[in-house]
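Report on the structure given below.
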Amino acid sequence: METDVTEEVRRAQAGDKDAFIHLVKELELQMYTVAKAIVKKDEDCADAMQETVLKAYQSIGGLKEPLFFKTWLLRILINECNLLLRKSAKSVVMAELPSLHRESPDYEHIDLREAVYQLEEISRNIIILHYFQDLPLSQIADILELSEGAIKTRLHRARKSLYQWLADPAERKVNV
């Protein structure tokens, strides 16, 4: 199977559009679940996936190791999702402004995903890829271009932050 992917990538690098489409179609569901876990909204998922496919198509010739096509594509997708999040953080829609007159916030129904979104970008991505996508730490290290040791350290810190954030209601008022 590895040789099939390698051969298909080589054909795509040589300009075979059908080979590229087939490669992307094989990863479409996984791309969607990664994007959905990061950006939440279906519209943003679609935007991130569309930009990812376009950028991947334009730069597939630069992929040095065809066997790592999936890792390379997911890295592009994560970068696009994070770019969308940064852009949306800069613009606040008036309808989404939090109410300032809330008397008693309901912290008892905190969603784990909501807690994950309180983490810094890199830690959030590691948690999403490891726990929501079941990717091994070595593959996450490849995707994020970090050492496996750095991934383990950040994962440990992220789990500790999540535990503290979920265990202590006072922590929920501040971003982790």
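Sequence positions, counted from 1, serve as the residue numbers for this chain.
- Enclosure of atom NZ in Lys160 is not indicated, since only 12 or fewer non-hydrogen atoms of other residues, nucleotides or ligands lie within 6.0 angstrom.
- Counting heavy atoms from C-beta on, the side chains of Leu146 and Ile122 come closer than 4.5 Å.
- Taking the side chain as every heavy atom from C-beta outward, Val53 and Phe20 approach each other to under 4.5 Å.
- Of all heavy-atom pairs between Leu73 and Ala56, the closest is CD1-CB, 3.6 Å.
- A single hydrophobic cluster is not seen to contain both Phe68 and Leu77; linkage of ILVMFWY side chains at heavy-atom distances under 4.5 Å, directly or through other members, places them apart.
- One finds the CG atom of Leu84 at 9.5 Å from the CZ atom of Arg86 (value rounded to the nearest 0.5 Å).
- Remark: Ile78 CD1 to Leu83 CG distance equals 13.5 Å, nearest 0.5 Å.
- Taking OG of Ser161 as the start and CD of Glu120 as the end, the distance is 8.5 Å to the nearest 0.5 Å.
- Here the CG atom belonging to Leu85 is positioned 7.5 Å from the CD1 atom belonging to Ile38, to the nearest 0.5 angstrom.
- Side-chain contact between Arg124 and Asn82 is present, with heavy atoms from C-beta onward closer than 4.5 Å.
- Leu23 has its side chain out of reach of Leu27: every pair of non-hydrogen atoms, C-beta onward, lies at least 4.5 Å apart.
- Every pair passing salt bridge (Lys or Arg N to Asp or Glu O under 4.0 Å) that includes a residue from residues 134-148 is listed here, sequence neighbours excluded: Arg75-Glu145.
- Hydrophobic clustering, with ILVMFWY side chains joined whenever heavy atoms are under 4.5 angstrom apart, groups Phe69 together with Tyr57.
- Closest of all the heavy-atom pairs between Cys81 and Ala48 is SG-CB, 3.8 Å.
- The one candidate from Asn79, Asp47, Ile76 that meets the side chain to side chain contact (heavy atoms under 4.5 Å, CB included) condition with Thr52 is Ile76.
- Side-chain contact check for Lys41 versus Lys36: every heavy-atom pair is 4.5 Å or farther apart.
- Counting heavy atoms from C-beta on, the side chains of Ser123 and Arg157 never come closer than 4.5 Å.
- In this structure, Ala12 and Ile60 approach most closely via the heavy-atom pair CB-CD1, 3.7 Å.
- The local environment of CD in Gln50 is sparse, with at most 12 non-hydrogen atoms from other residues, nucleotides or ligands closer than 6.0 Å.
- With hydrogens and angles ignored, the 3.5 Å screen pairs no side-chain donor or acceptor of Ser59 with any backbone N or O of Gly62.
- A donor-acceptor pair is defined here as one N or O able to donate and one able to accept, closer than 3.5 Å; no such pair exists between the side chain of Glu80 and the backbone of Met49.
- Between the CG atom of Leu162 and the CD1 atom of Ile127 there is a distance of 5.5 Å, given to the nearest 0.5 Å.
- A 4.5 Å side-chain heavy-atom check between Ile143 and Leu135 finds at least one atom pair inside the cut-off.
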Go through the steps to decide whether Glu51 and Lys55 satisfy the test side-chain contact (heavy atoms from CB on, under 4.5 Å), and finish with yes or no. CA-CA 6 Å; Glu51 282 298 314; Lys55 286 182 178 180; 4.1 Å; yes
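- Between Arg11 and Glu8 there is a salt bridge, since at least one side-chain N of the basic residue sits less than 4.0 Å from a carboxylate O of the acidic one.
- Contact annotation: the side chain of Gln30 approaches that of Leu74 to within less than 4.5 Å [non-hydrogen atoms, C-beta and beyond].
- Taking CZ from Arg10 and CD from Glu7, the interatomic distance works out to 7.0 Å, rounded to the nearest 0.5 Å.
- Using a cutoff of 4.0 Å between basic side-chain nitrogens and carboxylate oxygens, Glu26 and Lys70 are not scored as salt-bridged.
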